[in-house]
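Here's the structure, in structure tokens; my notes come after.
Side chains are part of it too, since the values below use all heavy atoms of this structure and drop only hydrogens, waters and symmetry mates.
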Amino acid sequence: MSWLPLSFGAPMVLWGLLALPVIWWLLRFTPPKPQTEVFPPLKILARVLKREETPQQSPWWLTLLRLLMAALIVTALAEPVFNPRERLPAEGAALALVIDNDWASAADWGRRVATAERLITDASSNDVPVIIAFTAEKPNAEIGPFDAATALDRLRAAKPRPIPTDRPAVYARVAATLETLPGASVAVLADGLAAEGDEAAFNTLLSKNAARVVWAASDRPSLIGLTGADNQVDGFELTAIRALSDPTPAQVTAGAFDDKGRRIADATLTFSPGESTATGTMAVPFELRNDFASIALDGQRQAGAVRVLDENSKRRRVGLLSQAEADQAQPLLSPLYYIRRALQPFADLTEPSSADLADAIPQLLDQKPAMIVMADVGTIPEQMRQRLVDWVDNGGTLVRFAGSRLVAAGNDDDLLPVRLRTGERSLGGALSWTTPQPVTDFPKTGPFSDLAPPAEVTVTRQVLAEPTPDIVERTWATLADGTPLVTGMKKGKGTLVLFHVTPEATWSNLPISGSFVEMLRRIVQLSRNQGAAVANAEAAATSLAPYRMISADGTLVPPTPDARPLVPGAGPLPVTFENPPGLYGSETGVLAHNLLNAESRFAPLVRPQITVPVTTIQYAFDESHNLKGPLVATALLLMVLDTLAVFWMGGLFSRRPRRAGTAAATTAALLIALGALVGHTDIARADDSKPGDERAIEDISKTRIAYVQTGERSVDSISQAGLEGLTRFLIEKTALEPGAPASVDISKDQLSFYPLIYWPIDPAAPMPSQAAIGRVDAYMQQGGTVLFDTRDQFATGIGADSASPATERLRDILGNLNVPPLEPVPSDHVLTKSFYILPEFPGRFAGGPLWVAASLEATNTENRPVRTGDGVSPIMITANDFAGAWAVDENGDPLLPTVPSDPMQRIYALRAGVNIMMYMLTGNYKSDQVHVPVLLERLGQ
């Protein structure tokens with residue numbers, strides 16, 4: 001039983017709703033518990049004679065609440081489903097799931113997984129094993145059959161790969177597995193794009209033991225890929241493709257990014273109606289184009305919409321220089337004519353405005369070229385020669401061509417790769433015994449190693465190199481007789497190259513051959529940053545390690561563990577599982593390996609002719625929602641409300657809580673009863689709390705040290721930081737864990753909560769009132785202790801004839817207090833040994849004594865560890881600035897330096913603070929003879 005948008009898994013349970021009238025009748029005539037109330041005695045006596053009433057029936061709202069709760073329970077048991085989905089044909093001997101997880105499936109991978117989960121769930125309900133295979137995984141990946149739980153785990157662990165599908169191999173493995181499972185259901189979850197070998201792959205898969213087919217069609221016709229990004233003369237030319245079946249016009253924006261991921265250029269590509277190819281140009285200066293690291297299409301989250309770029313995509317500025325005057329009537333005889341034609345497609349050419357080398361060379365160097373080509377340039381002016389040498393040493397590439405001027409100029413070890421013989425060699429002339437020489441195979445160690453030797457090229461005249469031990473290493477191209485045609489060498493960071501023939505077709509026909517263009521292009525590659533490493537790697541056909549990979553969603557990521565080194569070769573390299581698209585190489589040089597190339601095309605996948613029943617579905621998330629859980633939760637919530645309503649009707653919430661076991665509660669009850677007896681009916685319960693009680697409870701819950709607020713911000717902040725530092729030290733070194741320090745206003749705050757109050761004396765602070773001093777005097781008389789700190793040790797101290805202002809202020813305060821006789825702490829006082837053994841009590845300053853109440857009648861016997869008669873002193877006075885020594889910041893670092901600057905003085909100051917706190921909390925227990933035997937016994941252990 002089902003209808004949209006609601007269906008029920010057990011519709012027969014809904015017949016239970018017919019019992020609602022019976023439930024209503026039972027609830028309606030079942031009265032609730034009578035309410036009981038506690039009244040004052042006179043009220044009870046006044047109602048003794050009244051007849052006790054009981055409600056006849058439940059309130060209507062309570063009955064309705066319970067009926068709704070019962071209806072929800074019945075509906076939940078019927079397993080309702082909102083927006084139910086149609087069950088898929090996942091039955092038979094097995095369910096075979098073949099899923100495309102290539103780059104084209106990355107954009108909507110979540111929907112594909114949700115569709116596959118529904119298929120596996122339906123197979124699980126039918127107790128059918130599942131075969132699950134992905135077309136872009138390792139060739140030897142296990143495909144099953146699995147149980148439903150294992151298949152779900154494998155599905156959720158799978159992810160899209162940035163590579164094409166391999167349907168023939170995967171479909172063949174699935175078909176071989178289905179040979180033992182006749183009558184299976186086959187679900188094809190394809191990416192929507194046709195691939196080579198699809199027809200044979202589908203015939204293999206569906207022709208064996210497939211009883212029914214589920215075909216998942218993709219609803220993403222707007223898949224766009226980037227097949228080309230060429231750095232042309234006027235800008236970066238982009239080429240994008242889409243499926244041929246898309247008749248609508250479309251427009252896409254491409255962005256160029258540098259190696260740090262910053263967007264630095266844009267271009268718009270427009271698809272005309274019915275067209276599958278679109279082009280666009282990023283018309284930006286070539287200096288900015290050389291910073292392009294990748295180009296991506298906006299809105300296309302897949303690997304086909306991204307192209308990474310290497311040095312081959314970057315143009316370099318090349319300077320051309322010749323001493324020969326241009327002949328407009330005979331351009332083919334110009335030394336730079338063939339060089340211009342060869343370099344123009346892949347380089348930006350620049351020429352000086354003057355033929356004078358003294359002016360031409362600076363003009364070229366100011367343009368910061370990557371390479372300079374000199375066509376038959378002879379002697380270089382001395383004032384320009386050193387600048388040209390420095391340019392080569394710093395990374396420039398200098399390419400020179402032979403000619404009569406170069407021969408006459410002689411050797412230049414700094415600007416030529418080899419030493420030259422005087423004169424030139426003529427081949428095939430009337431006075432020569434030799435014939436024109438062809439070009440032989442290029443040396444394997446040079447940049448032309450992978451080029452085929454041009455069979456049509458011959459040389460009739462050349463400049464010979466002097467034979468040296470390293471001539472072979474510096475030879476890049478040779479003639480059949482072994483003489484060098486092109487030589488080169490590294491010089492500093494740059495490169496020197498010499499063509500031993502002229503750049504026009506007078507000494508050789510090399511400049512009019514296709515090999516000449518390719519040779520110059522390779523040299524331009526060497527002139528680029530990182531170009532040498534990649535060029536040499538390509539020449540040696542070595543492998544390049546994975547450097548940065550393109551993920552299936554089009555982002556650049558580190559190499560995956562499955563990626564393997566790439567072996568460069570001629571033509572586009574295939575994208576495979578072991579060689580995914582991305583950059584290969586290292587920081588010194590990379591090679592771009594992209595998913596799509598200029599020959600790539602998108603063709604929609606057409607469903608093959610299938611003879612068995614076919615169910616077509618769309619990729620979509622499961623939007624059905626089981627309502628059983630929410631309905632049960634709602635019923636439980638109504639049950640809680642019903643329980644609260646019953647308690648409320650029984651008078652539970654109207655009863656006043658009583659405080660048992662306290663005299664205050666008893667007194668309050670007596671007062672209420674007395675008020676009721678005398679006729680007062682408006683007695684209300686009073687709150688006996690007072691302002692400040694919360695702070696009082698907080699103050700007495702933990703031992704806290706307090707300091708007096710002086711009103712001077714700098715003094716109070718040091719006092720607070722000092723007591724916080726002492727508190728930290730107490731927690732670290734003792735079993736005492738004090739609370740946070742408290743600041744007190746002696747004129748109004750309660751002082752009895754604190755065993756010790758630190759009072760920094762500041763003459764700038766206002767003089768306390770007589771009432772405030774009286775409160776301090778009462779605090780001292782009741783057992784509290786005040787630690788006065790004048791902080792003036794290096795001023796005039798206590799007892800001096802000329803007192804400091806702080807000492808004068810202290811005398812004014814003490815004149816209104818009942819101060820006992822004072823004395824410096826004796827050597828056998830409890831303060832010297834309450835925790836640490838201390839001979840003195842320094843603070844930030846050292847040398848001042850600590851004054852305490854004098855023990856005038858005390859005696860000191862030899863067998864007692866402390867002076868007898870030492871009570872806890874109600875007053876302490878120091879001038880050593882204890883708080884300044886204790887003060888620390890949030891990181892625990894000291895705020896103020898000690899005077900003198902001694903690291904141990906701060907430690908002794910903190911230990912003095914510990915002794916003072918232990919003395920305040922324990923008194924003179926050490927002088928009690930009762931503890932001596934116990935102490936001796938422990939020492940003996």
Taking side-chain hydrogen bond (donor to acceptor under 3.5 Å, both in side chains) as the definition, give me every residue that meets it alongside [X], ordered by chain and number, with sequence neighbours left out.
X: Arg521; value: Glu518
X: Thr616; value: Arg607
X: Asp102; value: none
X: Asp153; value: none

Would you confirm whether [X], through its side chain, and [Y], through its main-chain N or O, come within 3.5 Å as a donor-acceptor pair?
X: His593; Y: Pro574; answer: yes
X: Ser272; Y: Glu275; answer: no
X: Asp258; Y: Ile264; answer: no
X: Asp259; Y: Ala293; answer: no
X: Thr115; Y: Arg111; answer: yes

### Task
Go through the steps for Met282 and Leu238 under the test side-chain contact (heavy atoms from CB on, under 4.5 Å), then give the verdict.
CA-CA 8 Å; Met282 291 181 176; Leu238 307 179; 3.7 Å; yes
### salt bridge (Lys or Arg N to Asp or Glu O under 4.0 Å) partners for Arg167, two or more places apart
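Result, salt bridge (Lys or Arg N to Asp or Glu O under 4.0 Å) vs Arg167: Asp100, Asp191, Asp198.
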Does any part of the side chain of [Y], heavy atoms only, come nearer than 4.5 Å to the side chain of [X], both counted from C-beta?
X: Pro546; Y: Tyr584; result: yes
X: Val213; Y: Thr615; result: no
X: Leu205; Y: Val98; result: yes
X: Leu269; Y: Thr279; result: no
X: Leu189; Y: Leu97; result: yes
X: Pro168; Y: Thr204; result: no
X: Pro604; Y: Leu193; result: no
X: Leu95; Y: Leu119; result: yes

### Message
Can you tell me if Asp127 has over 12 outside heavy atoms packed within less than 6.0 Å of its CG?
### Response
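No, the 6.0 Å shell around CG holds no more than 12 heavy atoms from other groups.
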#### Entry: Chi angles and distances behind the side-chain contact (heavy atoms from CB on, under 4.5 Å) call for Gln251, Thr268
CA-CA 7 Å; Gln251 193 174 71; Thr268 300; 3.4 Å; yes
### Message
For residues 141-168, which residue pairs pass the ring pair (Phe, Tyr, Trp, His ring centres under 6.0 Å) check, not counting sequence neighbours?
### Response
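Every candidate ring pair (Phe, Tyr, Trp, His ring centres under 6.0 Å) pair involving residues 141-168 fails, so no pair, neighbours aside, qualifies.
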### Query
Applying ring pair (Phe, Tyr, Trp, His ring centres under 6.0 Å), which residue pairs with at least one partner in residues 150-207 are found, sequence neighbours left out?
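Every ring pair (Phe, Tyr, Trp, His ring centres under 6.0 Å) pair that includes a residue of residues 150-207, provided the two are not neighbours, is Tyr171-Phe202, Phe202-Trp215.
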May I have the list of side-chain donor-acceptor pairs in residues 154-161 shorter than 3.5 Å, sequence neighbours left out?
from, atom 1, to, atom 2, distance (Å)
Arg154, NH2, Glu142, OE1, 3.4
Arg156, NE, Glu117, OE2, 3.1
Arg161, NE, Glu137, OE2, 3.3
Arg161, NH2, Glu137, OE1, 3.3

Mind listing the closest non-hydrogen atom pair of [X] and [Y] along with its distance?
X: Pro568; Y: Leu544; value: CG-CD1, 3.8 Å
X: Leu178; Y: Ile131; value: CD2-CD1, 3.6 Å
X: Val252; Y: Phe271; value: CG1-CE1, 4.3 Å
X: Val575; Y: Pro581; value: CG1-CD, 3.5 Å
X: Ala303; Y: Trp103; value: CB-CB, 4.0 Å
X: Ala552; Y: Ala106; value: O-CB, 3.2 Å

### Query
Mind checking what makes ring pair (Phe, Tyr, Trp, His ring centres under 6.0 Å) contact with Phe134, not counting sequence neighbours?
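Scan of Phe134 (ring pair (Phe, Tyr, Trp, His ring centres under 6.0 Å), adjacent residues dropped) gives none.
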Inter-residue atom distance [X].[atom1] - [Y].[atom2], 0.5 Å rounding:
X: Gln300; Y: Thr253; atom1: CD; atom2: OG1; answer: 11.0 Å
X: Ile99; Y: Thr135; atom1: CD1; atom2: OG1; answer: 9.0 Å
X: Ile295; Y: Leu226; atom1: CD1; atom2: CG; answer: 6.5 Å
X: Ser294; Y: Phe257; atom1: OG; atom2: CZ; answer: 6.5 Å
X: Asn140; Y: Arg173; atom1: CG; atom2: CZ; answer: 7.0 Å
X: Gln302; Y: Ser105; atom1: CD; atom2: OG; answer: 10.0 Å

### With sequence neighbours excluded, residues passing side chain to side chain contact (heavy atoms under 4.5 Å, CB included) with Ser276
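If we apply the side chain to side chain contact (heavy atoms under 4.5 Å, CB included) test to Ser276, skipping adjacent residues, the hits are Leu244.
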### Task
Mind checking side chain to side chain contact (heavy atoms under 4.5 Å, CB included) for Asp441 and listing every partner two or more places apart, or none if nothing turns up?
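Once residues adjacent in sequence are excluded, the partners of Asp441 under the side chain to side chain contact (heavy atoms under 4.5 Å, CB included) criterion are Pro453.
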### Query
So does Lys138 pair up with Asp166, basic N to acidic O under 4.0 Å?
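Not counted as a salt bridge, because no side-chain N and carboxylate O are separated by less than 4.0 Å.
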### Message
Looking at Asp298 and Arg263, is any side-chain nitrogen of the basic one under 4.0 Å from a carboxylate oxygen of the acidic one?
### Response
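Between Asp298 and Arg263 there is a salt bridge, with a charged N closer than 4.0 Å to a carboxylate O.
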### Query
Does any donor atom in the side chain of Glu237 or Thr281 lie under 3.5 Å from an acceptor atom in the other side chain?
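Glu237 vs Thr281: no donor-acceptor pair found between side chains.
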### Task
State, without any angle test, whether Thr555 and Asp553 hold a side-chain donor-acceptor pair at a distance under 3.5 Å.
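Result is yes, a qualifying pair exists.
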### Task
Could you check whether the rings of Phe236 and Phe292 sit parallel, tilted or perpendicular, using 30° and 60° as the cut-offs?
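Tilted.
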### Task
Mark yes or no: Arg112 above the aromatic ring of Tyr619, with NZ or CZ under 6.0 Å from the six-membered ring centre and no more than 45 degrees from the axis.
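Arg112 over Tyr619 ring: yes.
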### Task
Scan residues 69-78 for pairs that pass salt bridge (Lys or Arg N to Asp or Glu O under 4.0 Å), counting only residues two or more places apart or in two chains.
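Sorted result for residues 69-78: empty, none.
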### Query
Run the side-chain contact (heavy atoms from CB on, under 4.5 Å) check on Val130 and Asp147 step by step: do they pass?
CA-CA 6 Å; Val130 178; Asp147 57 63; over 6 Å; no
### Query
Under the side-chain contact (heavy atoms from CB on, under 4.5 Å) criterion, do Thr634 and Met69 qualify, and how do the steps go?
CA-CA 8 Å; Thr634 305; Met69 181 170 55; over 6 Å; no
### Task
Take Lys260 and Asp291 through the test salt bridge (charged side-chain N to carboxylate O under 4.0 Å, His left out) and record every step on the way to the result.
CA-CA 10 Å; Lys260 296 182 179 179; Asp291 291 333; over 6 Å; no
